[in-house]
Amino acid sequence: MKSSYFPQEIEKKWQKIWEEEKAFKTPDESDKPKYYALSMFPYPSGKLHMGHVRNYTITDVIARFKKMNGYNVLHPMGWDSFGLPAENAAMKHGANPETWTDENIAYMTKQLKMLGLSYDWDREVTTCKPDYYKWTQWLFLQLYKKGLAYKKEAAVNWCEECGTVLANEQVIDGKCWRCDHVVEKKYLSQWFLKITDYAEVLLKDLDKLTGWGDNVKTMQANWIGKSEGAIFRFPVVDCDEVKEIPVYTTRPDTVHGITYLVVAPEYKDIEKLTTFENKEAVEKYRANARKMTEIERLSTERIKTGVPLGTHCKNPFTGEIFPLWTADYALAEYGTGAVMAVPTHDERDFDFAKKYNLPMKVVIQNPENPSNCENEAYVDEGVLINSNEFNGMKNTEAKKAITQKAVDGGFGEFKTQYRLRDWLVSRQRYWGAPIPVVYCEKCGIQPVPEEQLPVLLPKDVDFSVVGKSPITTSKTFVETTCPVCGGKARRETDTMDTFVCSSWYYLRYSDAKNDKMPFAKDKVNHWLPVDQYVGGIEHAILHLLYSRFFTKALKDLGLLDFDEPFKNLLTQGMVLKDGSKMSKSKGNTVDPDEIFENYGADTARLFILSDSPPSRDFDWSDAGVEGCYKFLNRVWRLIASNAENISVNVSTPKALKKENDDLIRLVHIAIKGITNDISNDFQFNTVISKYRELVNSIYDWLNKKSSLDDEDKSVLSFATVTLLKLMSPVTVHLSEEAWHELGGEGSIHSQKWCEWDENLAKASSITLVVQINGKLKDKIDVDESLSEEELKQTALNSPKIKELTADKTIVKVIVVPKKLVNIVVK
RNA sequence: GCCCUGAUGGCGGAAUCGGUAGACGCGUCGGACUUAAAAUCCGGUUGGAGUUAAAUCCAGUGCCAGUUCAAGUCUGGCUCAGGGCACCA
């Protein structure tokens with residue numbers, strides 16, 4: 001065995017062997033229980049960054065640990081490879097998005113292999129390849145047939161410069177991320193997925209996700225935004241065309257305090273509700289609201305504006321007549337697009353009423369300070385006044401009673417409302433999965449027949465066009481025939497949001513090569529749900545919510561039998577440098593290639609796990625990397641300089657000598673501690689500190705020996721070989737190389753995980769802690785077999801304790817067996 | 001404004017049930033080896049008082065109260081930081 005540690009050499013050697021032997025191939029059939037470990041797959045942006053390294057190392061260690069513990073582990077990898085950067089790169093360099101993407105995948109694959117990750121590469125999925133997006137399109141068609149995919153006119157983020165819709169993530173401070181042009185609202189006919197049908201079950205099933213952090217679950221719950229309230233219908237008194245206006249409210253108890261009613265500028269009946277005299281002002285206001293950019297909307301936040309429509313409504317509860325206004329603080333997309341305004345008990349209505357001098361009427365009284373609501377709205381609980389038969393009722397009770405009156409009177413009902421909106425999946429972009437639909441002049445919207453899938457991305461496109469999607473420049477793509485009548489038809493040129501592709505990739509890994517179906521039902525049911533999912537918190541809502549929706553929808557389609565995709569979720573923290581997020585603009589990035597080259601992958605793996613628990617942010621430091629590299633050198637020297645005295649037989653030896661017994665105990669303590677730390681929330685930082693403790697203990701033990709007899713050699717073998725096995729999920733190459741140098745058979749990664757003996761996993765004697773009034777005063781080494789009474793006497797007889805308690809009265813003595821004695825004195 | 005998460009030495013962090021606060025590492029200081037350096041090895045390192053050195057004592061886990069024989073850990077009230085949502089009626 002070489003006396004020095006040359007990571008670059010041994011890492012290359014083992015990576016080659018593992019690849020040739022397909023060492024990490026996962027069979028579908030096995031008599032072992034299954035375990036599915038998954039990292040969120042990357043976008044092939046060009047190079048791995050440290051966030052990837054952290055993510056994949058965490059999952060890899062979990063996968064290897066589970067494998068050594070007797071599981072048949074599925075640990076796959078793939079590419080979320082559709083998306084804007086490829087298309088932008090193509091436009092900029094005149095290249096093709098496909099070429100750009102393929103090159104990036106090739107480079108990043110090489111990097112992943114250099115990290116020594118245990119992927120089953122035979123299951124690799126790439127979302128931009130036809131053998132994958134064929135099934136994305138197929139799934140879209142199934143959703144369409146079920147009524148879960150539909151087309152409607154909607155307000156979207158529009159960049160005039162690029163001539164295309166942008167995703168919300170692509171709007172930065174109200175501007176287009178690419179050309180810096182101001183983004184505006186535009187009304188376009190777009191494809192949506194009906195995620196709102198699943199709002200209730202998506203919310204309710206969060207309770208089932210006991211393996212998810214509360215932070216993620218709360219974010220999803222807030223996003224879904226369930227609220228309980230009522231719909232009231234207000235008759236319009238002076239408009240022939242519109243009979244009534246429905247309003248959603250969570251405060252039915254304040255209904256007697258309405259003094260006006262607001263509709264959104266985009267409200268569907270607004271033109272009909274506007275009188276001739278008010279037409280000009282309303283039109284002007286609406287045009288202005290339409291033109292308003294994100295920036296202006298943000299900057300005018302809370303300064304409310306509006307104009308009256310000139311028409312009026314009647315309050316069915318009071319008979320009062322009040323005016324109708326339009327104001328942009330009413331949102332067209334939420335509730336009914338109309339709001340009943342109660343200035344006295346709603347802050348927004350209060351601001352608006354103050355500004356336009358609208359009347360106010362108090363209907364809820366603050367029990368402690370009967371407020372007249374002159375300076376602010378009273379929004380807390382109280383007792384109803386000015387509310388006819390409901391006077392004196394507590395407002396919490398009145399909510400139900402008042403809604404019930406509306407139900408009985410036929411002008412309202414109970415209503416549960418969600419904030420969640422349907423998912424807009426259309427993109428006016430080339431580099432995405434084409435939406436498999438055609439438009440026929442006679443037959444209208446027609447889905448592409450399944451046997452014609454995939455709808456391939458065309459090659460004859462001009463990427464230099466400005467103001468429209470490059471895909472529209474392909475004649476061969478756009479012009480087609482109707483699958484029903486055979487007549488002339490136009491193909492849908494919108495492609496799907498990449499989040500659609502990533503909403504089902506984890507299912508495809510169970511049956512990645514299937515060319516008849518997206519996945520076979522028995523395989524997907526066998527492997528799923530994912531036992532451990534690992535990824536960044538930035539996906540807390542989007543990807544994780546969409547995937548949950550897909551799983552539930554696909555279950556309802558009969559394609560699978562489970563209703564949640566990810567049993568346990570670990571959201572890893574960010575990788576920081578000098579306290580701030582690594583970014584190119586700050587110039588504080590660390591290139592993984594340089595780390596591999598200078599220190600090797602094992603050092604990188606060890607370091608990225610060492611300093612912080614996985615869920616917390618991790619501050620990268622060059623000194624820390626250096627420290628880990630030194631530690632691996634120290635481990636290497638320990639093995640190499642004693643190799644002739646070490647054999648790979650790892651059963652616990654019999655020790656006659658005290659110091660040998662002590663070392664054996666320390667090894668068992670390490671096995672127990674490390675196993676528990678991994679099992680309990682993957683606390684790899686403490687796992688690594690335990691590696692170091694064990695190495696320190698072995699060196700201490702060696703330093704006291706001038707020569708080694710047979711017993712010593714077997715104890716040393718046990719300690720060092722156990723160390724290698726415990727380290728093998730993390731330092732994958734070093735452990736494998738040392739294992740083989742010591743004469744180990746097969747791969748160390750196929751060995752059984754170490755077991756500990758509970759009787760040996762503790763010190764041979766215990767330290768009794770003696771406190772006086774809860775403060776530490778003495779420590780005494782005692783035999784663990786002592787009874788409580790004996791412990792008490794030992795403590796009281798300690799010379800030090802005797803001295804300290806000499807002039808005091810002992811009130812009470814508390815004995816915690818095998819641990820401590822607390823003497824309470826006065 | 002609302003919601004979530006967090007706060008422990010110079011730094012990252014450790015501390016199953018309430019039971020020795022600061023494991024392990026980084027940094028730093030001192031020593032050994034060396035002509036010298038690197039590498040390596042050994043030792044100190046929460047603050048303060050004390051001593052030639054020690055012993056020893058006091059304070060200490062963001063702040064203020066409380067429960068308890070005993071609180072980093074439990075309860076109530078704050079402060080600050082990070083993240084998310086934000087006119088959702």
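Naming convention: chains lettered A, B, ... in sequence-line order (proteins, then strands); numbering from 1 in each chain. These values consider heavy atoms only, across backbone and side chains, with no hydrogens, waters or symmetry-generated copies.
A residue-by-residue look at A/Glu333 and A/Glu693 shows that A/Glu693 has its nearest nucleotide of RNA chain B further toward the 5' end. Heavy-atom distances to RNA chain B give each of A/Asn680 and A/Leu776 a nearest nucleotide, and the one nearer the 5′ end belongs to A/Asn680.
A/Lys775 comes within contact range of the sugar-phosphate backbone alone, with a heavy-atom separation under 4.0 Å but no base atom that close. Across all strands shown, A/Glu626 has no heavy atoms under 4.0 Å from either base or sugar-phosphate atoms. Looking at heavy-atom distances under 4.0 Å, A/Glu538 makes no contact with the nucleic acid at all. Using a 4.0 Å heavy-atom distance criterion, A/Asp349 is classed as making no nucleic acid contact. Across all strands shown, A/Val824 has heavy atoms under 4.0 Å from sugar-phosphate atoms exclusively, and none from any base. Backbone-only engagement by A/Asn703 is indicated by non-hydrogen atom pairs under 4.0 Å involving sugar-phosphate atoms exclusively. Note on A/Ala341: nothing from the nucleic acid sits closer than 4.0 angstrom, heavy atoms only.
Nearest nucleotide to the A/Asp346 side chain, out of B/C41, B/A23, B/A89: B/A89. In the set B/U20, B/G19, B/C26, the nucleotide with an atom closest to the side chain of A/Asn822 is B/G19. The side chain of A/Thr250 approaches B/A89 more closely than any other nucleotide in the set B/A89, B/G12, B/U20. In the set B/C87, B/A14, B/C3, B/A14 carries the atom at the smallest distance from any side-chain atom of A/Pro613. Side-chain atoms of A/Ser689 lie closest to B/A23 of the nucleotides B/A23, B/G25, B/A14. Nearest to the side-chain atoms of A/Asp214 among the listed nucleotides B/U5, B/C87, B/C69 stands B/U5. In the set B/A89, B/G27, B/U56, the nucleotide with an atom closest to the side chain of A/Lys800 is B/U56. Here the nucleotide nearest the side chain of A/Arg419, chosen from B/U20, B/A86, B/G25, is B/A86. With distances taken from any side-chain atom of A/Arg634 to the nucleotides B/G19, B/A89, B/C42, the minimum falls on B/C42.
B/U75 is paired with B/A65 under the Watson-Crick or G-U wobble criterion, all donor-acceptor distances under 3.5 Å. Remark: B/C57 base-pairs with B/G48; criterion is Watson-Crick or G-U wobble with both hydrogen-bond distances under 3.5 Å. Nucleotide B/G22: unpaired (no Watson-Crick or G-U wobble partner with both distances less than 3.5 Å). Using N1 to N3 plus N6-O4 or O6-N4 for Watson-Crick, or N1-O2 and O6-N3 for G-U wobble, each under 3.5 Å, B/A86 pairs with nothing. If you check B/A81 for Watson-Crick or wobble pairing at under 3.5 angstrom, you find it paired to B/U5. In a base pair of the Watson-Crick type (N1 to N3 plus N6-O4 or O6-N4) or a G-U wobble (N1-O2 and O6-N3), with each distance short of 3.5 Å, B/U35 is matched with no nucleotide.
For A/Asn395 (side chain) and A/Glu381 (main-chain N/O), no donor-acceptor pair under 3.5 Å exists by modelled atom type.
Contact check, A/Asn685 against B/G12: no side-chain N or O comes under 4.0 Å of OP1 or OP2.
B/A37 sits 39 Å from B/G48 when the C1' atoms are compared, rounded to a whole Å.
Ion pairing of A/Glu376 with A/Lys354 is absent here, as no side-chain N (NZ or NE/NH1/NH2) approaches a carboxylate O to less than 4.0 Å.
Using bins of under 30°, 30° to 60° and over 60° for the plane-to-plane angle, the ring pair A/Trp636/A/Tyr5 lands in the tilted bin.
A/Ser227 and A/Tyr248 form a side-chain donor-acceptor contact under 3.5 Å, judged by distance and modelled atom types alone.
Following rounding to the nearest Å, A/Asp700 (CG) and B/C41 (C1') show an atom-to-atom distance of 12 Å.
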